Amino acid sequence: MNITELLANLQVQHDESTVRAGELRGQIEYLTAALAETEARLAELTTTQKVIAELAPAGDEPAPPGTNTAYQAIVNAFNQHPDQEFRARELHELLGMPTDEASVNVTRARLGRLIRQGFLTQPGRGRYQKRT
């Protein structure tokens, strides 16, 4: 190989490397822009989350643990008997809960909430059944 061929070969490699460097610079520019857009979106989401957390009513806090277990017991009873209709008092008897009027009224309120959430239906007055 003579010097002229060597120089020509080096020029070809130089030209190829110049093209590749240009392609990589283009990718870097694209990725830099995409990263800037994504970081801006993250900042917007963080701000939105903070604003909603500040504006959310205090009533959205989780219910006390005893209430959660009562709801879970009610939901479990309906899951075990999906085709059966219950009255609130019957549900209390099934679950071994107190059957005094005040306790049954609290359960009626819970059942109403489960209806509004779409878990239960009310096929008749005072009767509750799992939505199918």
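Numbering of residues begins at 1 and proceeds along the displayed sequence. Everything numeric here is computed off the predicted structure, so don't read it as measured data.
More than 12 heavy atoms of other residues, nucleotides or ligands shown are found within 6.0 angstrom of CD on Gln27. Under a cut-off of 6.0 angstrom, the local environment of CG in Leu45 is crowded, with over 12 non-hydrogen atoms contributed by other residues, nucleotides or ligands.
The shortest side-chain heavy-atom distance between Arg110 and Tyr71 falls under the 4.5 Å cut-off. At a threshold of 4.5 Å between non-hydrogen side-chain atoms, the residues His92 and Ser103 count as touching. For the pair Leu111/Leu91, a side-chain contact is recorded, criterion being any heavy-atom separation below 4.5 Å from C-beta on. Side chains of Ile115 and Thr121 form no contact here, defined as non-hydrogen atoms less than 4.5 Å apart. Counting heavy atoms from C-beta on, the side chains of Leu94 and His81 come closer than 4.5 Å. Using a 4.5 Å heavy-atom threshold, the side chains of Arg87 and Arg127 count as touching. Inter-residue side-chain proximity for Leu120 and Arg131 is flagged as unmet; no heavy-atom pair is nearer than 4.5 Å.
Summarising the geometry, atom CG belonging to Asn9 is positioned 7.0 Å from atom CG belonging to Leu6; distances are rounded to the nearest 0.5 Å. Taking CD1 from Ile28 and CG from Leu35, the interatomic distance works out to 12.5 Å, rounded to the nearest 0.5 Å. Rounding to the nearest 0.5 Å places CG of Asn105 at 9.0 Å from CG of Asp100.
Inspection of the Gln80 and Asn76 side chains reveals no N or O donor paired with an N or O acceptor under 3.5 Å. For the residue pair Asp15 and Gln11, a side-chain donor N or O sits within less than 3.5 Å of a side-chain acceptor on the partner.
Comment: Lys130 does not engage Glu85 in a salt bridge, judged by the lack of any side-chain N to carboxylate O separation of less than 4.0 angstrom. Look at Glu101 and Arg89 and you find a salt bridge, because one of the NZ, NE, NH1 or NH2 atoms lies within 4.0 Å of a carboxylate O, short of that distance.
Relative to the six-membered ring of Phe119, Arg113 misses at least one condition, a distance below 6.0 Å or an angle of at most 45° to the axis.
Less than 6.0 angstrom separates the ring centroid of Phe86 from the ring centroid of Phe78.
Nearest heavy-atom pair across Thr4 and Asn2 is N-OD1, 3.1 Å. Heavy-atom minimum distance, Leu95 versus Ala77: CD2-CB, 3.9 Å. Of all heavy-atom pairs between Thr99 and Val104, the closest is O-CG2, 3.7 Å.
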